[in-house]
Amino acid sequence: MAGNEPNARPRAPHLQVYKWGPAMAVSILHRASGDGLAIVGACLFLWWLGAIATGPEAYAAFVACIWHDPSPEITLFHQITNILGKVVLIGLTWAFFQHLFSGLRHLVLDTGAGYELKTNKLWSTVVIAAGVFATAATWLYIMAGAL
């Protein structure tokens, strides 16, 4: 009998019609990277400001957690926090570039250009690749200077 099934309600048509595409991925990555920059970036920035305001010891502890620990007795905990600190910094760098390139794409879309399907797919793919490439280039430059 109709209506007795537990899931008899109709589904939204977009579940059957739309296919996942690069434009959808860029839209979701734009939102996620913006949230990551706002939340993680703000927390890291506030921690840095607090460390500067507290004094040289607090700032040294901040640098030891985020970048590297210059002390001779480096423990496993410090090695792990160094790796995690670099992962967070690399993630924030990717979020910055992804959000930047996606915002530039949206700026072009706001002018009315780039709505053709092939063009939109191409520029969406370019945005994702450019974010990864710019992050890799930035961190290769940083690591080359650190060595």
Side-chain angles (χ1 to χ4, degrees), residues 6-7 9 11-147:
N7 293 326
R9 297 182 64 185
R11 293 184 184 179
H14 73 276
L15 295 175
Q16 293 88 15
V17 176
Y18 293 127
K19 294 180 183 177
W20 187 263
M24 292 179 189
V26 168
S27 176
I28 291 170
L29 287 174
H30 184 75
R31 294 164 196 249
S33 62
D35 288 345
L37 286 171
I39 296 168
V40 178
C43 288
L44 194 64
F45 180 67
L46 290 174
W47 182 20
W48 176 71
L49 282 178
I52 288 175
T54 305
E57 297 85 18
Y59 185 72
F62 171 79
V63 171
C65 281
I66 295 298
W67 193 245
H68 74 356
D69 193 354
S71 67
E73 62 275 348
I74 297 176
T75 63
L76 179 64
F77 175 74
H78 286 203
Q79 290 175 345
I80 291 171
T81 58
N82 292 160
I83 291 170
L84 291 176
K86 287 184 180 78
V87 167
V88 168
L89 290 177
I90 290 170
L92 283 173
T93 308
W94 171 82
F96 171 75
F97 283 121
Q98 181 66 35
H99 201 72
L100 172 73
F101 293 135
S102 182
L104 291 173
R105 177 181 165 268
H106 280 283
L107 182 66
V108 171
L109 289 174
D110 286 344
T111 66
Y115 280 106
E116 298 80 21
L117 291 178
K118 287 184 180 181
T119 306
N120 196 346
K121 185 176 181 179
L122 171 72
W123 283 109
S124 298
T125 307
V126 167
V127 162
I128 294 171
V132 171
F133 177 76
T135 302
T138 300
W139 278 95
L140 285 173
Y141 178 77
I142 291 170
M143 290 301 188
L147 299 177

From the list Ile52, Leu44, Leu46, side chain to side chain contact (heavy atoms under 4.5 Å, CB included) partner of Trp48 resolves to Ile52

Closest non-hydrogen contact found for Phe62 with Ala51 is CB-CB, 3.8 Å

Correct closest heavy-atom pair for Leu37 and Ala95 would be CD1-O, 3.7 Å

_Side chains of Leu107 and Thr111, heavy atoms from C-beta outward: is any pair under 4.5 Å?_
no

Closest non-hydrogen atoms of Ser124 and Val26, given as atom of the first, atom of the second and distance, are O-CG2, 3.3 Å

| query | Around atom CH2 of Trp123, are there more than 12 heavy atoms of other residues, nucleotides or ligands at under 6.0 Å? | reply | no

Taken to the nearest 0.5 Å, the spacing of Ser33 OG from Leu92 CG works out to 11.0 Å

| Side-chain touch Asp35/His99, heavy atoms, less than 4.5 angstrom | no

*asked:* Counting C-beta onward and ignoring hydrogens, is there a side-chain heavy-atom pair between Leu104 and Phe101 closer than 4.5 Å?
replied: yes

*asked:* I'd like to know if the side chain of Lys86 reaches the main chain of Ile66, judged simply by a donor and an acceptor atom lying under 3.5 Å from each other, with no hydrogens or angles considered.
replied: no

In short, Ala23 meets Asn120 closest at the heavy-atom pair CB-OD1, 3.9 Å

Between Gln98 and Ile128 the two heavy atoms that sit nearest each other are OE1-CA, 3.8 Å

OG1 of Thr138 to CG of Leu89, rounded to nearest 0.5 Å, is 12.5 Å

Worksheet item: When you look at Thr54 and Tyr59, which way does the side chain to side chain contact (heavy atoms under 4.5 Å, CB included) test go after all the steps?
Response: CA-CA 8 Å; Thr54 305; Tyr59 185 72; over 6 Å; no

Closest non-hydrogen contact found for Cys65 with Trp47 is CB-CH2, 3.8 Å

query: Does the Thr81 side chain pair with the main chain of His78, one donor and one acceptor, at a distance under 3.5 Å?
result: yes

Leu117 atom CG, over 12 foreign heavy atoms within 6.0 Å: no

Per side chain to side chain contact (heavy atoms under 4.5 Å, CB included), Val88 is matched among Val40, Ile83, Thr93 by Val40

Can you tell me how the ring of His30 sits relative to the ring of His106, calling it parallel under 30°, perpendicular over 60° and tilted otherwise?
tilted

- Donor-acceptor pair, Tyr115 side chain versus Leu109 backbone, under 3.5 Å? yes

When rounded to the nearest 0.5 Å, the distance separating CZ of Phe133 from CG of Leu140 is 9.0 Å

